[in-house]
**Q** 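The structure that follows is given in the form of structure tokens.
Because only heavy atoms are used, hydrogens play no part in the values below, and waters and symmetry mates are left out as well, while side chains stay in. All values reported here derive from a predicted model rather than from experimental measurement.
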There are 2 protein chains.
Amino acid sequence: MSKVAKFNREEVIDKATNLYWSKGYHGTSMRNLQTAIDLRPGSIYATFGSKDNLFKESINYYAAQTGELLEICLAQSATPLTGLKLFIRNLVIDNLDGKPSCMCMIVKSISELTDTDNKELLDEAKRLLANVENKFSEIITEAMAQGEIDSDKDASELASYIQVQIIGLRTYARVNNNEETINKFIDEIFIGSPFY
Amino acid sequence: MSKVAKFNREEVIDKATNLYWSKGYHGTSMRNLQTAIDLRPGSIYATFGSKDNLFKESINYYAAQTGELLEICLAQSATPLTGLKLFIRNLVIDNLDGKPSCMCMIVKSISELTDTDNKELLDEAKRLLANVENKFSEIITEAMAQGEIDSDKDASELASYIQVQIIGLRTYARVNNNEETINKFIDEIFIGSPFY
DNA sequence: TTTTTAATGGAACACTCGTTCATTATACAG
DNA sequence: CTGTATAATGAACGAGTGTTCCATTAAAAA
């Protein structure tokens with residue numbers, strides 16, 4: 001046949017993801033991407049088609065990575081809930097070195113993109129966030145089966161609650177990253193609000 | 001003297017705020033603003049100096065408006081905590097008709113802007129969010145004085161907690177706006193997590 | 001070694017960006 | 001009514017945008 005691409009596709013997507021993650025969709029230009037991933041326009045457009053499509057692949061890659069982290073945390077932990085807690089601690093406190101942002105790339109995208117100007121990408125981000133919530137719901141259902149949570153609770157409602165807490169904490173951490181306070185908040189997710 | 005400006009400054013800032021709020025800093029172009037506020041570049045630059053400065057005035061206007069809403073809620077309520085709860089309910093559920101976004105403009109800005117590219121605007125947004133948190137802290141201190149909360153709690157920690165909850169809920173509401181669930185979450189802020 | 005085929009590099013396109021400025025319009029002072 | 005000061009206009013600027021195009025390059029197949 002012919003020549004084969006010399007760059008590593010996943011490596012390129014990884015770099016693109018980091019740039020989009022740190023600067024956002026509108027804040028990232030194709031020139032920025034060209035230098036970050038070290039490819040010329042011809043190669044980028046032959047491989048990914050458009051800025052929008054590269055973003056779509058990037059945010060999917062991000063979601064997949066996050067999913068893997070969750071699996072690792074669950075595998076390392078004795079129970080579903082302690083696994084979930086480890087996952088949250090990883091996202092909000094540890095594991096941030098060299099990461100483009102302490103905020104969730106999906107949440108950043110949902111915050112930035114609009115229904116009028118970027119409907120397709122926004123819907124993709126919403127879909128990925130819903131996937132995560134479904135995964136949480138499964139974990140909580142498993143925790144109920146194991147007796148770690150009362151079975152009369154609503155798994156999908158608890159999953160929503162976890163989602164709200166993670167979104168709130170990661171965003172708040174961008175402004176005020178007091179590790180002690182945030183650690184306390186993570187503990188309190190599962191035991192009751194500090195008001196109680 | 002001479003001619004006097006015929007447009008209303010606050011009206012213009014109000015319209016600019018709504019546009020920035022819905023489309024974000026990078027998503028809003030000066031052309032978008034020109035048509036939204038019905039002023040030509042000359043007038044805009046003579047009055048506001050730059051896109052950055054207009055954004056700064058807009059986000060300050062937004063923060064002032066939000067502060068006024070909080071005052072109204074407190075004045076309408078019997079106790080500091082019920083006032084705070086009314087405020088949260090207003091932000092997350094009611095009072096959204098015709099609003100550019102259910103999300104907080106300050107949080108959207110903190111999410112979008114970067115230290116490297118927009119340091120000054122980012123710092124301004126962080127400052128405004130800290131102001132809100134200080135106000136929460138004052139309200140909670142007042143609630144302690146009135147015996148509505150145990151006095152041995154840490155007011156500034158509770159204020160952080162409120163901040164996390166509002167950020168989480170408003171952002172989550174953008175994706176999944178189930179009024180019943182969100183109402184329940186607002187109640188639970190002050191009485192204990194659904195896990196408890 | 002030759003042919004074939006796709007990856008690559010990078011100039012260039014049409015358009016939009018934030019911003020400037022010479023010009024025109026208008027209201028008030030004299 | 002005239003002169004003057006300032007607000008408003010909108011064409012235009014240089015730089016940057018996402019994207020296209022195609023000559024060149026390089027490696028696999030014949």
**Q** Return the value, rounded to whole Å, for the distance between atom CG of A/Asp117 and atom P of C/dC17.
**A** 11 Å
**Q** Specify the closest pair of heavy atoms between B/Thr114 and A/Arg174, including all atoms of both residues, with the distance to one decimal.
**A** CA-NH2, 4.1 Å
**Q** Using the rule that two of Ile, Leu, Val, Met, Phe, Trp, Tyr join whenever any of their side-chain heavy atoms come within less than 4.5 Å, decide whether A/Leu113 and A/Tyr61 are in one cluster.
**A** yes
**Q** Nearest whole Å is fine: how far is C/dA7 P from A/Asp38 CG?
**A** 17 Å
**Q** If we ignore hydrogens and angles and just use 3.5 Å, is the side chain of A/Asn178 paired with the main-chain N or O of A/Thr181 as donor and acceptor?
**A** yes
**Q** Which whole-number value in Å describes the distance from B/Arg40 CZ to C/dA25 C1'?
**A** 14 Å
**Q** A/Gly168 and B/Ile167: which non-hydrogen atoms are nearest, and at how many Å?
**A** CA-CG2, 4.2 Å
**Q** Can you give me the closest heavy-atom contact between A/Asn53 and A/Ser50, atom names plus distance?
**A** N-OG, 3.0 Å
**Q** Looking at every non-hydrogen atom in both residues, tell me the closest pair between A/Tyr25 and A/Lys51 and how far apart they are.
**A** O-NZ, 3.1 Å
**Q** Using a 4.0 Å cut-off on heavy atoms, which residues in residues 19-33 of chain B reach DNA chain C? List them by number, or say none.
**A** B/Thr28, B/Ser29, B/Met30, B/Arg31
**Q** Could you check how far CG of A/Leu39 sits from P of D/dT20, rounded to whole Å?
**A** 17 Å
**Q** Could you state the atom-to-atom distance from CD1 of A/Ile37 to P of C/dA7 in whole Å?
**A** 15 Å
**Q** Kindly give the heavy-atom pair with the smallest separation between A/Thr82 and A/Glu148, and that separation in Å.
**A** N-OE2, 3.8 Å
**Q** Please list residues of residues 43-55 of chain B whose heavy atoms come under 4.0 Å from any atom in DNA chain C, ordered by number; otherwise none.
**A** B/Tyr45, B/Ser50, B/Lys51
**Q** Can you tell me how far C1' of D/dA11 sits from CD of B/Gln34, to the nearest Å?
**A** 12 Å
**Q** Side-chain heavy atoms under 4.5 angstrom apart, residues restricted to Ile, Leu, Val, Met, Phe, Trp, Tyr: same cluster for A/Phe87 and A/Leu74?
**A** yes
